[in-house]
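Below you'll find the structure, written out as structure tokens, and then a few comments.
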Amino acid sequence: MAIQRVLTGITTSGTPHLGNYVGAIRPAIAASRAPGTESFYFLADYHSLIKVQDPARVQRSTLEIAAAWLACGLDPDRVWFYRQSDVPETTELTWLLTCVAGKGLLNRAHAYKAAVDRNRETGEDDDAGVTAGLFMYPVLMAADILLFNADKVPVGRDQVQHIEMARDIGQRFNHLYGGPGSKPYFTLPEAAVEEQVATLPGLDGRKMSKSYDNTIPLFAPAAELKKLIYSIVTDSRKPGEPKQVEGSALFEVFQAFASEPEVAAMREAFATGIGWGSAKELLFIRIDAEVAPLRERYESLIAHPARIEEQLRDGARRVREKYATPFLHELREAVGLRDLGRVAVSRSEGKSAKAALAMFKQYREDDGKFYFKLVEGERVLLQGRGFDSPREAGTRIAAIKRDGFDGADAALGEGVDAAEVAAALDAIREAEAAKA
Ligand code: TRP
């Protein structure tokens with residue numbers, strides 16, 4: 001079975017939260033341990049600039065996210081772990097893809113459309129406050145994915161459209177430029193959404209997201225974790241009243257951390273009227289059991305940022321050498337960003353191909369005379385007059401080959417000019433010289 005390439009990125013725009021953990025980090029690390037996979041995990045810091053223009057925050061977030069992945073068990077000796085901006089081939093590929101991506105495709109991106117809708121609601125110009133970076137977000141992401149020919153991209157449901165766009169853009173490129181040999185340049189990626197817990201609800205019940213300010217930091221100290229869990233929205237049912245699991249953020253978060261029997265027990269507790277306080281206590285215990293050992297590793301990692309820096313650079317250096325740099329060479333070649341020194345070579349190749357087509361033919365007509373003609377496929381370039389012997393005709397052919405066509409003993413074919421004959425003769429001479 002072919003090795004499956006799994007790739008995912010996390011935007012370095014915030015502090016890792018439980019939603020990132022459940023939706024991306026945990027499934028990605030689990031997938032990286034599966035046999036037959038080659039994994040690529042990276043810090044999407046170019047993406048972060050679209051949303052965050054506070055340099056200290058970009059840096060801080062990059063450190064926290066790198067430490068989080070390492071703390072959660074990512075092994076940089078087994079998977080490719082790098083920072084997007086350490087792989088400049090990403091931005092170069094972004095441009096190549098920009099030139100094949102349909103603008104209409106990008107107009108339909110959810111994030112961009114949402115920004116336009118907000119502007120319309122407030123009576124602003126459609127594109128007010130929208131940067132070209134936001135608009136181009138899907139192309140940059142396509143470059144991340146296509147650069148390493150990923151097969152599977154573990155993402156949250158909200159990112160599925162971006163993977164589809166990456167497929168679309170990759171397909172257009174393949175269609176336009178083909179590929180080396182019979183294989184297209186780009187593998188078309190598929191999104192891998194963990195069906196169970198693709199998106200985790202946050203404190204207010206909406207999707208846990210920094211933009212809703214409803215997150216629970218993954219490595220909050222235990223006391224803070226507890227406090228935040230206690231602030232998850234619930235309805236006003238009293239202890240003893242049966243509770244509904246449908247639509248309960250608390251239940252959903254519990255499900256993301258608990259085993260099947262634990263979930264069944266919680267479902268039963270809801271039905272038999274567990275109090276919200278007790279349910280929250282159980283949820284805290286469950287999450288902390290999983291997170292506490294990771295938190296400890298995280299704290300020791302983040303105390304040595306220079307070591308993390310070194311690991312990231314090393315990862316980028318290796319992944320560029322093995323994949324990104326040679327692939328970009330191939331892609332530059334594909335689109336015509338080529339070494340001009342090779343133009344002359346390919347021109348003479350073209351000529352000898354033509355020389356194989358143009359050739360002299362000798363034959364005898366009903367009038368008993370010996371004729372010759374210079375033909376290129378079906379086209380007659382020169383028509384020779386009749387000679388009394390084949391030797392005379394052959395001598396004339398040799399003279400034309402050697403000295404060029406001078407109008408004697410032959411006429412140009414219909415629609416043929418002298419320059420075309422001269423070029424054909426040049427090509428024949430070159431081909432004969434090459435053979436000798
Ligand atoms: N856009 C992704 C997110 O916000 C992060 C990301 C950037 C990404 N590039 C990627 C994810 C490539 C998967 C593959 O979650």
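Within 6.0 Å of atom CG in D406, more than 12 heavy atoms from other residues, nucleotides or ligands are found, so the atom counts as buried in its surroundings. Heavy atoms from other residues, nucleotides or ligands lying under 6.0 Å from CD of Q362 number more than 12. E321 CD: 12 or fewer foreign heavy atoms inside a 6.0 Å radius. Atom CZ of R338 has more than 12 neighbouring heavy atoms from other residues, nucleotides or ligands inside a 6.0 Å radius. Within a 6.0 Å sphere centred on CD of E290, heavy atoms belonging to other residues, nucleotides or ligands number more than 12.
Shortest non-hydrogen contact noted between L105 and I169 is CD2-CG1, 3.8 Å. Residues A249 and G202 share a closest heavy-atom pair of CB-O, 4.2 Å. Contact detail for A191 and V160: the closest heavy-atom pair is CB-CG2, 4.2 Å. Taking each heavy atom of L225 and A220 in turn, the nearest pair found is N-CB, 4.1 Å. Heavy atoms only, all atoms of each residue included: I3 and D151 are closest at O-OD2, 3.8 Å.
A heavy-atom distance below 4.5 Å is found between the side chains of R5 and N149. The side-chain heavy atoms of L218 and T15, taken from C-beta on, include no pair separated by under 4.5 Å. Side chains of M208 and H17 form a contact here, defined as non-hydrogen atoms less than 4.5 Å apart. Between L374 and M359 there is no side-chain heavy-atom pair separated by less than 4.5 Å. E262 is listed as a side-chain neighbour of F254, based on a closest heavy-atom distance under 4.5 Å. Counting heavy atoms from C-beta outward, V253 and V22 have side chains that stay 4.5 Å or more apart. Under the 4.5 Å side-chain criterion, counting only non-hydrogen atoms from C-beta, L283 is in contact with I232. Counting heavy atoms from C-beta on, the side chains of E92 and R332 come closer than 4.5 Å.
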- Item | salt bridge (Lys or Arg N to Asp or Glu O under 4.0 Å) evaluation trace for R313 with E309 | CA-CA 6 Å; R313 287 196 195 187; E309 176 67 28; 2.6 Å; yes
- What's the verdict on ring-ring contact (aromatic ring centres under 6.0 Å, His included) for F186 and F173, showing C-alpha distance, side-chain angles and the deciding distance? CA-CA 8 Å; F186 294 125; F173 189 99; 4.9 Å; yes
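R57 CZ to E64 CD: the interatomic distance, rounded to the nearest 0.5 Å, is 10.5 Å. Taken from CG in D168 to CG in L188, the straight-line distance is 9.5 Å, to the nearest 0.5 Å.
Residues passing the side-chain hydrogen bond (donor to acceptor under 3.5 Å, both in side chains) test with R120 are D126, sequence neighbours excluded. Under the ring-ring contact (aromatic ring centres under 6.0 Å, His included) criterion, F360 pairs with no residue at all, not counting sequence neighbours. Residues that satisfy the side-chain hydrogen bond (donor to acceptor under 3.5 Å, both in side chains) test with D86, not counting sequence neighbours, are R83. Scored by the side-chain hydrogen bond (donor to acceptor under 3.5 Å, both in side chains) test, T395 finds no partners at all (sequence neighbours excluded). Considering only residues two or more places apart in sequence or on other chains, F370 meets the ring-ring contact (aromatic ring centres under 6.0 Å, His included) condition with none of them.
Applying the salt bridge (Lys or Arg N to Asp or Glu O under 4.0 Å) test to pairs two or more places apart or on separate chains, those with a residue in residues 178-193 are K152-E190. Counting only residues at least two apart or in different chains, salt bridge (Lys or Arg N to Asp or Glu O under 4.0 Å) contacts with residues 380-389 comprise K369-D388, R385-D409. Among pairs with a residue in residues 290-319, those fulfilling ring pair (Phe, Tyr, Trp, His ring centres under 6.0 Å) read F219-Y298, at least two apart in sequence or across chains.
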Tabulate below the donor-acceptor pairs under 3.5 Å that side-chain atoms of residues 107-118 make, not counting sequence neighbours, or state none.
{"residue": "R108", "atom": "NH1", "partner": "G104", "partner atom": "O", "Å": "3.3"}
{"residue": "Y112", "atom": "OH", "partner": "D127", "partner atom": "OD1", "Å": "2.8"}

Let me check something: any side-chain donor-acceptor pairs from residues 65-79 under 3.5 Å, sequence neighbours excluded? List them with distances.
{"residue": "D75", "atom": "OD1", "partner": "D77", "partner atom": "N", "Å": "2.9"}
{"residue": "R78", "atom": "NH2", "partner": "S32", "partner atom": "O", "Å": "3.1"}

Can you give me every donor-acceptor pair (side chain of residues 94-103, partner residue at least two apart or in another chain, under 3.5 Å) with its distance?
{"residue": "T94", "atom": "OG1", "partner": "T90", "partner atom": "O", "Å": "2.7"}
{"residue": "T98", "atom": "OG1", "partner": "T94", "partner atom": "O", "Å": "2.6"}

Got a list of side-chain donor-acceptor pairs under 3.5 Å for residues 45-52, not counting sequence neighbours?
{"residue": "D45", "atom": "OD1", "partner": "S85", "partner atom": "N", "Å": "2.9"}
{"residue": "D45", "atom": "OD1", "partner": "S85", "partner atom": "OG", "Å": "3.4"}
{"residue": "D45", "atom": "OD2", "partner": "S85", "partner atom": "OG", "Å": "2.6"}
{"residue": "H47", "atom": "ND1", "partner": "Q84", "partner atom": "NE2", "Å": "3.2"}
{"residue": "S48", "atom": "OG", "partner": "T12", "partner atom": "OG1", "Å": "3.3"}
{"residue": "S48", "atom": "OG", "partner": "D45", "partner atom": "O", "Å": "2.7"}

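For the side chain to side chain contact (heavy atoms under 4.5 Å, CB included) criterion with R320, the lone passing option out of L147, V87, L328 is V87.
Aromatic ring centroids of F81 and Y41 lie 6.0 Å or more apart.
Checking side-chain atoms of N119 against main-chain N and O of E124 turns up no donor-acceptor pair under 3.5 Å. Without hydrogens or angle criteria, T215 side chain to L18 main chain gives no donor-acceptor distance under 3.5 Å.
In this structure, K322 fails the cation-pi test against F148, since its NZ or CZ atom is not both closer than 6.0 Å to the six-membered ring centre and inside 45 degrees of the ring normal. A cation-pi arrangement, defined by a distance under 6.0 Å to the six-membered ring centre and an angle within 45 degrees of its axis, is present between R26 and F257.
Between Y371 and Y363, the ring-plane angle classifies as parallel under the 30° and 60° cut-offs.
Residues T11 and S13 bring no donor and acceptor atom of their side chains to less than 3.5 Å of each other.
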